[in-house]
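Worksheet: one structure, shown below.
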Amino acid sequence: MKIAQRPEPSQIETLMKGPEDTPVVMLNLLSFKEAADGANEGSSGVEAYGRYAIEMRKFVESKGGRFIWSGRVDSMVIGESDADFQVAALVEYPNRKAFLEIASSAHVAEIGKHRSEGLAGQWLIATTEASLG
């Protein structure tokens with residue numbers, strides 16, 4: 001699975017077509033390296049990513065976002081995928097512009113080394129509230 005450090009321009013364009021003044025919840029599906037590399041060598045991928053997550057949470061919350069939930073993925077009940085995710089997390093941002101400003105900040109670039117040294121794969125999916133009934 002390929003790890004992208006930044007979204008592709010076409011992905012940003014699609015993201016920004018969503019509702020402007022509505023909170024956006026990012027669904028993070030994460031898989032980790034058995035052993036981290038780079039400056040995190042000697043740690044597990046989960047430990048390296050945890051260093052990023054602690055700092056990212058503080059930063060997101062300082063900008064008006066919130067971590068809603070995270071948990072271990074233990075089985076796929078319906079569907080098929082060759083992706084093997086170990087953790088799912090939901091993070092809410094005030095709006096799409098705020099997400100983009102946070103994600104492209106110098107601070108996130110600085111702490112992002114822990115993310116890339118620990119992650120084996122990630123899907124990041126933007127969602128907005130919808131009524132289905």
Side-chain angles (χ1 to χ4, degrees):
M1 201 178 315
K2 181 182 174 192
I3 300 291
Q5 293 303 314
R6 299 268 184 238
E8 296 293 326
S10 63
Q11 292 171 314
I12 296 294
E13 186 179 319
T14 301
L15 170 71
M16 297 311 288
K17 287 180 182 176
E20 287 182 27
D21 295 324
T22 301
V24 60
V25 175
M26 293 297 189
L27 168 61
N28 293 265
L29 298 173
L30 309 168
S31 63
F32 304 99
K33 296 173 184 173
E34 186 95 12
D37 49 32
N40 283 286
E41 194 170 345
S43 298
S44 71
V46 171
E47 291 168 332
Y49 187 85
R51 292 178 185 103
Y52 164 79
I54 289 167
E55 293 302 315
M56 187 63 171
R57 181 177 197 144
K58 291 177 197 173
F59 189 62
V60 167
E61 290 175 349
S62 77
K63 302 294 184 185
R66 68 186 178 112
F67 276 52
I68 298 171
W69 178 87
S70 65
R72 182 175 52 88
V73 174
D74 53 29
S75 61
M76 177 154 335
V77 179
I78 296 176
E80 293 181 28
S81 175
D82 53 353
D84 183 25
F85 297 112
Q86 288 118 9
V87 169
L90 298 170
V91 180
E92 182 181 69
Y93 296 84
N95 54 51
R96 291 161 192 268
K97 183 179 177 192
F99 165 77
L100 199 54
E101 288 172 357
I102 291 167
S104 60
S105 72
H107 179 66
V108 172
E110 181 183 319
I111 65 173
K113 67 180 180 202
H114 301 299
R115 175 186 171 273
S116 61
E117 292 172 0
L119 277 181
Q122 177 180 22
W123 288 357
L124 183 60
I125 302 166
T127 68
T128 50
E129 190 170 341
S131 175
L132 298 177

Between Thr127 and Val24, is a side-chain contact (heavy atoms from CB on, under 4.5 Å) present by the stated rule, with each step listed? CA-CA 6 Å; Thr127 68; Val24 60; 5.8 Å; no
Return the CD to OG1 distance between Glu8 and Thr14, rounded to the nearest 0.5 Å.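 So the gap between those two atoms works out to 11.5 Å.
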How long is the gap from CE on Met26 to CD1 on Ile68, to the nearest 0.5 Å?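 Nearest 0.5 Å value for the CE-CD1 distance: 11.5 Å.
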Do [X] and [Y] have side chains that approach each other closer than 4.5 Å (heavy atoms only, starting at C-beta)?
X	Y	value
Lys63	Ser105	no
Leu90	Leu27	yes
Tyr49	His114	no
Pro19	Arg96	yes
Leu15	Gln11	no
Glu13	Lys17	yes

Could you report the tightest heavy-atom contact between [X] and [Y], atom names first, then the distance?
X	Y	result
Ser44	Glu47	N-OE1, 2.7 Å
Ala98	Pro94	CB-CD, 3.9 Å
Leu29	Ala88	CD2-CB, 3.8 Å
Ile111	Tyr52	O-CD1, 3.6 Å
Ala36	Ala48	CB-CB, 3.7 Å

Under 3.5 Å, side chain of [X] to main-chain N/O of [Y], donor-acceptor pair present?
X	Y	answer
Ser31	Gly121	yes
Glu117	Asn40	yes
Gln86	Phe32	yes
Lys97	Asp21	no

Take Ile102 and Met56, measure what side-chain contact (heavy atoms from CB on, under 4.5 Å) needs, and give me the verdict at the end. CA-CA 9 Å; Ile102 291 167; Met56 187 63 171; 3.9 Å; yes
Show every ring-ring contact (aromatic ring centres under 6.0 Å, His included) that has at least one partner inside residues 6-30, sequence neighbours left out.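 Sorted pair list comes back empty.
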Could you go step by step and tell me if Leu30 and Arg115 meet the side-chain contact (heavy atoms from CB on, under 4.5 Å) rule? CA-CA 10 Å; Leu30 309 168; Arg115 175 186 171 273; over 6 Å; no
Specify whether His107 and Phe59 have parallel, tilted or perpendicular ring planes, treating 30° as the upper limit for parallel and 60° as the lower limit for perpendicular.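 His107 vs Phe59 ring planes: tilted.
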Applying the side-chain contact (heavy atoms from CB on, under 4.5 Å) criterion to Val91, which one of Val60, Leu124, Val25 satisfies it?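 When side-chain contact (heavy atoms from CB on, under 4.5 Å) is applied between Val91 and each of Val60, Leu124, Val25, only Val60 qualifies.
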Count I, L, V, M, F, W, Y as connected when their side-chain heavy atoms are under 4.5 Å apart, and connections chain through other members. Are Ile125 and Met76 then in the same cluster?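 Ile125 does not cluster with Met76.
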Please determine whether side-chain contact (heavy atoms from CB on, under 4.5 Å) holds for the pair Asn28 and Gln122, giving the CA-CA distance in whole Å, both sets of side-chain angles, and the decisive distance to 0.1 Å. CA-CA 7 Å; Asn28 293 265; Gln122 177 180 22; 3.2 Å; yes
So, using side-chain contact (heavy atoms from CB on, under 4.5 Å) as the criterion, who are the partners of Leu100 when residues are at least two apart?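 Partners of Leu100 by the side-chain contact (heavy atoms from CB on, under 4.5 Å) criterion, ordered by chain and then number, come out as Ile12, Met16.
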